[in-house]
Amino acid sequence: MIYLDYAATTPVRPEVAEAMARCLTVDGHFANPASEHAPGRGVRAVVEQARERFAALVGARPQDIIWTSGATEANNLALLGGAEFYRDRGQRIVLARTEHKSVLDPCRQLASRGWKLDWLDVDEEGLVGPQSLEAAIAEDTVLASCMLVNNETGVIQNVPALARVCEGKQVMIHVDAAQGLGKLPIQCQRWNVAMMSFSAHKLGGPKGAGALYLRSRPPVRVQPLMFGGGQERGLRSGTLPVHQIVGMVRAAELAEAERESEFKRLGALRQMLWDKLSEALPQLEINGAREQQSPHVLNLSFSGVDGEALRADLPGLAVSSGSACTSERAESSYVLRALGRSDALADASLRFSFGRETRAQDLRAAADLVISSVRRLRALSPQWSDAP
Amino acid sequence: MIYLDHNATTPVRDEVVEAMLPWLGRHYGNPSSVHRAGRLARQAVDEARAAVAALLGAQPAEVIFTSGGTEADNLALQAVQGRDPQILYGSTEHAAVLESVTARARQGVGCVELPVDGQGQIAEQALAERLVANRPQLVSVMWANNESGVIQNVVALGDCAHRHGALMHTDAVQAAGKLEIDFAGLPVDLLSVSAHKINGPKGVGALLARRSVALTPMQHGGGQEGGRRPGTENLAGIVGFGVAARLAAEEFEARRARALQLRGHLEAGLADLPAVHIVGQQAARVSNTTLITVAGFHSEALLMALDRRGIAVASGSACHAGSGRPSHVLLAMGYPEEQAHAAIRISFGEGNTLAEVDAFLASLRDLINMQRPALAPGLLVN
């Protein structure tokens, strides 16, 4: 199997697994970090050191990092918790149409409680313009949410510019950076975002670990989603999963060390895959941006084929038709439709996503599989015509 | 180091770590992905689900994986909906229930506390009276108390709740693996468990929920766990939980016998120390837990003195550690505040030996003897 689904999840790196294993067994850091005894205090120091290191990686203060069970929880805590805390200021949120489900669904939940959602359109590259954000912000808008790197297309939003618009309008901006961490340099404080969500398993860390950056200066507050022992200053109760936190931070550090060289390497791989496919197959369209594009995703629409048939024809290739989180549902991608793709074309799309273990030979083999499959399916398709 | 704090957390078993590592290595699919890597991951989650269900006598479809016991408790209390809802809850519940109840109360949910007797138990009669008076939608009573180990009669209380049309939730975090649990036959609709209390990893737990119970999810997006708990599954954690659950089922009798032997030895030794009082001794307790108060001592001071001798015990719940507050469990049982400030919890588990119990007893005897001059009036440590 050729695994080209790094935007869904990534292999845990051996160094990460080793660091995690040291926090599990009786001879390791297994104690409860809330315990007062020596083993507990030792483990607490491990967690706090991890917090400091993570904060340094994302340009934040350690006290601004809250550990969560993943980006979904971080997004929910930011949006549901932020909305709950600030509901007296107004009940209006502005968000892009191309956000991840774990942003859309809590916002829809808020809509059912009476909040007004203002949807930001994206251009044909998938980008949100600062002017359109500015125009969408109303008097009573409290929160804005925009992701750093789109999970389906790899498009990079201009977060610093969007954050400046929000600052001018006194709106708190939340950024889902699940796909951005490890790919782009992240500066929470310098960009002046209010909140930012992170995930471990998109960059060689474990599933079930994430974090929320919650700015303390000037302060941004949230109501907790869960209550209990008062961990994470009462904002996120529950025994801290030490091994998960350590694994997440180790993975983020390793990714950061290789970030620039990987960005270049993956960019070259992406170009190679595009060249091979577009030379062999006419009428191929990239769903993505020319400049503001993460090199780890290549999303393509293959006109003239049925998307389901195409995916079924590629059993040896682990790619995705969109987000893994929606892959059980048979509907075409709302992200691609927001870019202006027709239902049929959005459905006839594949997301190739790459990572640290991806090699040129994987992409060459994948390209051969895709080319022969698309040619066969197009030949069978009554709608298909080679004439552009 | 002598670790006698297994109710706070347990070391992960080697077999569990070994089972987790492939899912932090060569297997890495997203269980929601439809390709082969994803299906393999989905299968691993389902196997773990079956193992957790088997330990608890439940159907796999009744298992909702969460990030731990705290999330499971919080989610359980989301079963209360509609107009003028009411919750009855035990006064000695874990903070995950107590604080969650407090938060629900701020949202307008009526929350009524159930008192416990001097042995820490809730009388069926007391529950019945409040069921009639308050007409609650939900009763939440923990099975085994995390501080005292005292066991509630969940069957009688659940039957009583059901007779009055209320749902029954039990926090079984400290009961799983220590008591026989047969969810299928229990008058319980919702049951919380945690992996890291049964030698599994931290950051994973489960809520068992009957299919008929309507739960409002606490987070949204992605549709995992039937939409009741979205978010990419903690794959390795869930696999580890599954193996820990299987081991707990296989070794159930051996672990209980071992814990009872250790505790019997401990409590026989404590009987020689007049300053020591064992909490809930007349009640049924889980096999591994002893909560004591030591006259003339403050919990924190005693804990630190034992810590300096290489013995790790707790002053109550790890979740309240360092708060300086007396044990709410002891206060609810009617202990005076001074005595509630003098609690030490010893909880046994994997790897503990009789020699470690002897070492603990020797240290405690030592500390009490050293303290004795301070017992003169006016010199009480508080």
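Values below: all heavy atoms of this structure, side chains included; hydrogens, waters and symmetry mates excluded. Numbers restart at 1 for each chain; the letters A, B, ... are given by sequence-line order, proteins then strands. This is a predicted model, so every value here is computed, not measured.
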Trainee: Taking A:F227's backbone N and O only, do any of them form a donor-acceptor pair with B:N74's side chain (distance below 3.5 Å, no angle check)?
Mentor: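 Yes: the side chain of B:N74 pairs with the backbone of A:F227.
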Trainee: Return the option, out of B:M218, B:H220, B:M1, with the maximum number of heavy-atom pairs under 4.5 Å with chain A.
Mentor: B:H220
Trainee: Which residues pass the side-chain hydrogen bond (donor to acceptor under 3.5 Å, both in side chains) test with B:E18, sequence neighbours left out?
Mentor: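 With sequence neighbours excluded, B:E18 shows a side-chain hydrogen bond (donor to acceptor under 3.5 Å, both in side chains) to no residue whatsoever.
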Trainee: If you apply the rule ring-ring contact (aromatic ring centres under 6.0 Å, His included), what do you find for B:Y28 with A:H201, and how did you get there?
Mentor: CA-CA 9 Å; B:Y28 50 80; A:H201 77 102; over 10 Å; no
Trainee: Should B:N234 and A:P206 count as side-chain neighbours, where that means a heavy-atom distance under 4.5 Å?
Mentor: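 No, side chains not in contact.
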Trainee: What heavy-atom pair brings A:G229 and B:A95 nearest, and what distance separates the two atoms?
Mentor: N-CB, 4.0 Å
Trainee: Side-chain donor-acceptor pair under 3.5 Å between B:S67 and A:R236, yes or no?
Mentor: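 The answer is yes; a qualifying pair exists.
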Trainee: Counting only non-hydrogen atoms closer than 4.5 Å, does B:Q219 touch chain A with its backbone (N, CA, C, O), its side chain (CB onward), both, or neither?
Mentor: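 Both parts, backbone and side chain.
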Trainee: Over all heavy atoms of both residues, which pair between B:H196 and A:T239 is shortest? Give the atoms and the distance, please.
Mentor: NE2-OG1, 3.6 Å
Trainee: Can you list the residues that meet the side-chain hydrogen bond (donor to acceptor under 3.5 Å, both in side chains) rule with A:N76, with sequence neighbours excluded?
Mentor: none
Trainee: Would you compute the distance between atom OH of A:Y6 and atom CG of B:N30 and round it to the nearest 0.5 angstrom?
Mentor: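 Result: 14.0 Å between the selected atoms.
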Trainee: Taking the side chain as C-beta and beyond, is there a heavy-atom pair between A:D5 and B:H35 under 4.5 Å?
Mentor: yes
Trainee: Would one find more than 12 heavy atoms of other residues, nucleotides or ligands at under 6.0 Å from atom CZ of A:R41?
Mentor: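 Buried by this count: over 12 neighbours within 6.0 Å.
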